[in-house]
Amino acid sequence: MKYLASLARALAEAQATPVKRADPQGIDVSDYQPDIDWTTVVDNGISFVYIKATEGTSYISPTFSSQYTGATDAGLIRGGYHFAHPDESDGETQANYFLAHGGGWSADGITLPGALDIEYNPDGAECYGLTASEMVIWIEDFSNTYEVATGRQVALHFSPAYPVIYTTTDWWSTCTGNSASFANNNPLWIADWSSTLGALPAGWAYTSFWQYADSGPNPGDADLWNGDTNGLRACVTCY
């Protein structure tokens, strides 16, 4: 059973172009937010958080462990994300690095699937020196490696756990040729800092997560889950 097929059944209210709603709200944070008052974050209505775990194959966030523990203790649904550097090593290598340093998934009801942050190169060529076809292969290698490591056996059925893909429509169109190859398996987390959501990358009928602002009353970036709280909780258990 494909992940998105399960998710679609859990998301009766899902829309292709959602407007911002009050709930469920989330944030994503990194070592740029080293000291977070998680009690205040929860009091502000935040339901979930993505936390940067790794980057490339040489960087482990020094704040990941404390942030992950703090979010867990505060009762938040949480998960880790990996900032990709396709110019440094292949997708399989980086997926394994992510998995070894906080990026795993477990069926505990509070762990979001790991996320692949694949976007603009902060210090080099926009597409990391890869062609569109090479980039698609890189992402496939990362995604398949993650799925093999985190998928689980449910009765007689193997339930795959593919990573969430974080990206922008512009980068995806430019650097993957607007590939539609991932929409059947990988939930989408779109970055679009706007009051209403614009066009999505090819293949995805809707986004599961929406990063709609790079700042707000809480630490880090501001995110929304496209659905209700029950749908969010289903996301962590429907694999």
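Just the heavy atoms: all of them, side chains too, but no hydrogens, waters or symmetry mates, feed the values below. Quick note: residue numbers are just sequence positions, from 1.
If you check the side chains of Tyr59 and Asp31, you find a donor sitting under 3.5 Å from an acceptor.
The minimum heavy-atom distance linking Ile51 with Ala71 is given by the pair CD1-CB, 4.3 Å. Across Tyr162 and Pro113, no two heavy atoms sit closer than the pair O-CB, 4.0 Å. Taking both residues in full, the closest heavy atoms of Gly227 and Pro24 are given as O-CD, 3.1 Å, listed atom of the first, atom of the second, then distance. When all heavy atoms are compared, the tightest approach of Gly56 to His82 is O-CE1, 3.0 Å.
Going from atom CG of Leu200 over to atom CG of Asn178 covers 10.0 Å, rounded to the nearest 0.5 Å. Rounding to the nearest 0.5 angstrom, the gap separating the CD1 atom in Ile139 from the CG atom in Asn144 is 11.5 Å.
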Would you check, one step at a time, whether the test side-chain hydrogen bond (donor to acceptor under 3.5 Å, both in side chains) holds for Tyr120 with Asp170? CA-CA 10 Å; Tyr120 305 101; Asp170 174 71; 2.8 Å; yes

Is there a side-chain hydrogen bond (donor to acceptor under 3.5 Å, both in side chains) between Asp223 and Tyr166 once you walk through the steps? CA-CA 12 Å; Asp223 301 282; Tyr166 168 96; over 6 Å; no

Step-by-step ring pair (Phe, Tyr, Trp, His ring centres under 6.0 Å) determination, Trp193 to Tyr212: CA-CA 4 Å; Trp193 300 343; Tyr212 66 88; over 10 Å; no

Under the criterion side-chain hydrogen bond (donor to acceptor under 3.5 Å, both in side chains), I'd like the reasoning laid out for Ser106 against Asp108: C-alpha separation, chi angles, the key distance, then a yes or no. CA-CA 6 Å; Ser106 60; Asp108 56 10; 3.1 Å; yes

Between Asn185 and Ser143, does the side-chain hydrogen bond (donor to acceptor under 3.5 Å, both in side chains) criterion hold? Intermediate values first, please. CA-CA 9 Å; Asn185 290 324; Ser143 180; over 6 Å; no

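Taking hydrophobic clusters as Ile, Leu, Val, Met, Phe, Trp and Tyr residues chained together by side-chain heavy-atom distances below 4.5 Å, Leu224 shares a cluster with Trp204. Met135 and Leu116 fall within the same hydrophobic cluster, where Ile, Leu, Val, Met, Phe, Trp and Tyr residues are linked whenever their side-chain heavy atoms come under 4.5 Å apart, directly or through other members.
The aromatic ring centres of Phe209 and Tyr50 sit less than 6.0 Å apart.
For Asp123, the side chain to side chain contact (heavy atoms under 4.5 Å, CB included) partners two or more places apart in sequence, or in a different chain, are His85, Asn121. Residues satisfying the side chain to side chain donor-acceptor pair (under 3.5 Å) test with Ser89, not counting sequence neighbours, are Gln94. Legend: residues meeting side chain to side chain donor-acceptor pair (under 3.5 Å) with Trp138, ordered by chain and number and at least two apart, are absent.
Side-chain atoms of Ile60 and Tyr97, non-hydrogen and from C-beta on, do get closer than 4.5 Å to each other.
Heavy-atom contacts from other residues, nucleotides or ligands closer than 6.0 Å to CG of Asp43 number more than 12.
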